[in-house]
Amino acid sequence: MAGGAKVEKRSIMWFRKGLRLHDNPALHKSCQDASHVFPLFVLDPFFLAPDPTAPSPGSRTVGVNRIQFLLESLRDLNASLESRGSKLLLVQGNPVEVLPELIEKWSINRLCFEFDTEPYAQDRDQQIKEICDHRGVEVHTPVSHTLFDPREVIAKNGGKPPLTYQAFCRKLGNPPKPLDDATVKVPAPPGDLKDVKVVPVPSLEDLGYVDLKEDFTPFRGGETEGLKRLEESLANKKWVSEFEKPKGDPTAFLKPATTCLSPYFKFGCVSARLFYSRLLAVYAESKKHTQPPVSLEGQMLWREFFYTAGYGTPNFDRMVGNPICKQIPWKDDENLLSCWRDGRTGYPWIDAAMIQLRKWGWLHHLARHAVACFLTRGDLFVYWEKGRDVFDRLLVDSDWALNNGNWMWLSASAFFAQYHRIYSPITFAKKYDPDGKYIKHFIPALKDMPKAYIYEPWTAPLSVQKQANCIIGKDYPKPVVDHAIANKKCRDRMGAAYALNKQAAPGQPTQEQVNTLNNKLTANLEGEADEQDVAAATDSGEDSSPSLKPKVKRQRKLPFQKKGGPAATESGEENSPPSPKPKVTRQRKLPFQKKG
DNA sequence: GAGGTAGTTGTCTTA
DNA sequence: ATAAGACAACTACCT
């Protein structure tokens with residue numbers, strides 16, 4: 001474009017995440033020297049249309065709770081825009097098809113949207129950019145979802161994202177301050193929108209969802225609500241400066257132990273930079289405060305850590321082809337997966353958490369740890385990607401980078417390797433909630449179970465079960481696996497898989513190596529499963545697969561494990577449920593275990 | 001480059 | 001009660 005007279009800008013401000021007016025650099029840019037700003041959100045039926053075949057109410061990929069949160073956020077955004085004399089323009093369709101049309105019809109010469117690191121968004125945005133380049137439309141894509149630009153952190157680290165938190169933090173400078181919003185004026189879109197079909201923010205019912213009155217998430221979407229929550233969280237300065245994530249109570253549900261701002265960060269209803277700067281202001285007023293990684297500041301930096309890793313790692317959301325992910329022969333067991341997903345594992349703590357996840361769309365971080373560990377390396381040995389999908393569907397705050405990163409962490413596939421540290425589905429939550437209030441709240445069937453049995457109801461005598469109106473196996477399921485056996489087997493499998501990964505995969509393994517590895521491991525796993533059955537029946541614990549021994553010598557069965565004998569399960573799962581009396585205290589090191 | 005160190009959040013027992 | 005130690009053990013990063 002030849003210079004000279006300033007061309008009046010007709011901007012589309014394309015909202016995707018970043019559903020806010022405050023600290024929104026793309027919005028600022030769209031308003032600069034603009035005659036008209038078209039605040040746009042594209043409702044993509046691909047993500048919003050109901051899918052009756054999905055495992056829970058929602059669309060193909062997204063549960064209703066998050067859809068509702070999005071709709072509320074859009075309603076709030078529209079209200080805020082209206083208060084500034086503008087409005088949100090909602091258009092239905094696939095953005096890649098819709099945007100070129102709008103650019104044409106509205107004579108747009110500038111498009112602004114927030115930079116998005118997710119692969120899906122990268123691909124979509126690249127297509128849009130190319131279209132704009134062809135038509136001479138300016139494109140601005142500032143970074144404002146995260147505190148830092150992942151590209152810069154990766155560059156500083158020699159082209160690769162750091163794989164440890166400490167190393168990551170060492171690469172960081174000070175994040176940019178939030179923008180000053182006081183002076184921003186948003187020029188309204190023109191009255192004539194040509195023949196573009198603009199729709200009001202739909203309700204869930206408009207989208208085709210019905211009967212969803214009960215059990216909705218307690219989190220209401222939107223910038224207004226998010227900022228309110230930010231203020232409430234930061235108002236308690238003592239709490240803020242003493243915050244230590246691992247000390248939080250994952251069973252607290254009347255008043256959760258964290259800020260619960262995650263859904264607002266996920267959708268960008270609240271700016272991470274705003275929260276961060278406000279947080280530092282609180283720190284500045286207090287004598288001392290906790291530090292990363294456990295502090296509130298540390299939580300913000302974890303988010304940055306995973307965003308950076310997710311941006312800089314190929315196939316971050318998969319095991320195969322992902323250079324930082326251990327190749328592990330996880331099980332593709334639909335039955336175990338659905339027991340876990342639907343809160344039917346027979347372990348009340350795990351099931352209560354899964355039910356909270358479904359109802360609230362939110363869990364405390366440690367509850368996420370517990371259920372993720374249980375599904376993968378702790379007990380069920382099911383693919384982390386399967387669990388990731390369930391979380392991604394149900395969590396209101398589901399965030400691609402954080403969700404995948406944390407699943408790899410918890411499954412000891414990347415970032416974390418101490419696979420012997422396994423959360424107990426029985427004792428972990430007990431130390432926070434010895435009475436089992438959390439369980440009783442989320443699992444009504446167990447509400448009258450005495451607290452002595454609440455974490456292990458299958459150990460309650462039948463008379464007690466009758467008294468509590470809860471017969472185990474009828475009113476509440478028997479455990480799908482015996483934790484004592486299952487977690488031992490998982491550790492053995494992890495040991496074998498780790499050994500093979502070390503042997504076979506220096507750097508990124510080729511597809512062929514991965515296949516070979518998985519075949520070996522699967523063969524090993526099957527042999528082991530057979531042996532396990534035999535072992536359970538005969539007390540012969542010797543390993544019979546010589547070629548692929550884990551480095552760890554497998555222990556022989558402890559005597560108590562066969563007490564009571566394996567009971568039959570409906571599922572036919574290889575692990576037997578715990579015998580009626582599993583309450584045998586762990587034995588001290590016994591000489592005969594050493595044998596060999 | 002070899003070796004040492006430290007790592008957000010395990011469990012159980014003992015002091 | 002809380003804290004420390006044992007358990008068994010991995011690896012990215014740094015020196």
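Throughout, protein chains are lettered first and strands after them, A, B, ... in sequence-line order, and every chain is numbered starting at 1.
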Dot-bracket encoding per residue of DNA chain C, Watson-Crick/G-U cut-off under 3.5 Å, | denoting interstrand: .||||||..||||||
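- Counting any heavy atom pair closer than 4.0 Å across all strands shown, A:Glu244 reaches no nucleic acid atom.
- Applying the 4.0 Å criterion to OP1 and OP2 of C:dC14, one finds that A:Arg170 has a side-chain N or O inside that range.
- For the P atoms, the distance linking C:dA8 with B:dT14 amounts to 15 Å, nearest Å.
- Residue A:Pro246 places its side chain closer to B:dT8 than to any other of C:dT11, C:dC13, B:dT8.
- To the nearest angstrom, P of C:dA9 lies 14 Å from CE of A:Met494.
- Between A:Tyr423 and A:Phe374, the gap from one ring centroid to the other reaches at least 6.0 Å.
- Between A:Phe316 and A:Trp400, the gap from one ring centroid to the other is short of 6.0 Å.
- Across the protein-nucleic acid pair, A:Gln299 atom CD and B:dT9 atom C1' stand 10 Å apart, rounded to whole Å.
- The aromatic rings of A:Phe381 and A:Trp330 sit tilted relative to each other, their planes meeting at an angle between 30° and 60°.
- Distance from the side chain of A:Ser424 is smallest to B:dT11 among B:dT11, B:dT9, C:dC13.
- Checked for salt-bridge contact, A:Lys451 and A:Asp435 meet the test: a charged N lies under 4.0 Å from a carboxylate O.
- Nucleotides C:dA9 and C:dC13 place their P atoms 24 Å apart, quoted to the nearest Å.
- Atom-to-atom, CE of A:Met408 to C1' of B:dT8 comes out at 18 Å; the value is rounded to the nearest Å.
- Checked against the 6.0 Å centroid threshold, A:Trp349 and A:Tyr438 count as a close aromatic pair.
- For the pair A:Phe168 CZ and B:dG7 P, the interatomic distance rounds to 17 Å; values are reported in whole Å.
- Taking the C1' atom of each, C:dC14 and B:dG1 are spaced 12 Å apart, rounded to whole Å.
- Regarding contacts with the backbone of B:dT8, a side-chain N or O of A:Gln166 is found under 4.0 angstrom from either OP1 or OP2.
- Candidate nucleotides C:dC14, C:dT11, C:dA12 were compared by shortest atom distance to the side chain of A:Leu163, and C:dA12 ranks first.
- Residue A:Lys326 is in sugar-phosphate contact alone, with no base atom involved, counting any heavy-atom pair closer than 4.0 Å across all strands shown.
- Note: CG (A:Asp249) to C1' (B:dT9) measures 13 Å, nearest angstrom.
- Checked against B:dG7, B:dT9, C:dC13, the side chain of A:Gln418 finds its nearest nucleotide in B:dG7.
- Within the 4.0 Å cut-off from OP1 or OP2 of B:dG10, not a single side-chain nitrogen or oxygen of A:Lys431 is found.
- In this pair, A:Tyr165 does not lay its aromatic ring on the base of B:dT8; centres under 5.5 Å and planes under 30 degrees do not both hold.
- Distances from the side chain of A:Tyr419 to the nucleotides C:dC10, B:dT9, B:dT8 place C:dC10 closest.
- Between A:Leu296 atom CG and B:dT9 atom P the separation is 18 Å, expressed in whole Å.
- As judged by a 4.0 angstrom heavy-atom cut-off over every strand, A:Pro292 is placed among residues making no nucleic acid contact.
- Residues satisfying the side chain to side chain donor-acceptor pair (under 3.5 Å) criterion with A:His289, sequence neighbours excluded, are absent altogether.
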Please table the atom pairs, donor to acceptor, closer than 3.5 Å between any side-chain atom in residues 161-178 of chain A and protein atoms at least two apart or in another chain.
residue: A:Thr164; atom: OG1; partner: A:Ala167; partner atom: N; Å: 3.3
residue: A:Tyr165; atom: OH; partner: A:Gly298; partner atom: O; Å: 3.0

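- Rounded to an integer number of Å, the gap from A:Lys245 NZ to B:dG7 P is 18 Å.
- Look at A:Thr427 and you'll find a side-chain N or O under 4.0 angstrom from OP1 or OP2 of B:dC12.
- The side chain of A:Lys160 contributes no N or O atom lying less than 4.0 Å from OP1 or OP2 of C:dA12.
- Heavy atoms of A:Arg368 sit nowhere under 4.0 angstrom from any nucleic acid atom.
- Counted by atom type alone, A:Tyr307 and A:Asp399 present one or more donor-acceptor pairs between their side chains at under 3.5 Å.
- Rounded to an integer number of Å, the gap from A:Trp349 CH2 to B:dG10 C1' is 14 Å.
- Proximity of a side-chain donor or acceptor of A:Gln299 to a complementary backbone N or O of A:Pro293 within less than 3.5 Å is detected.
- Which of C:dA8, C:dC13, B:dT8 sits closest to the side chain of A:His420 comes down to C:dA8.
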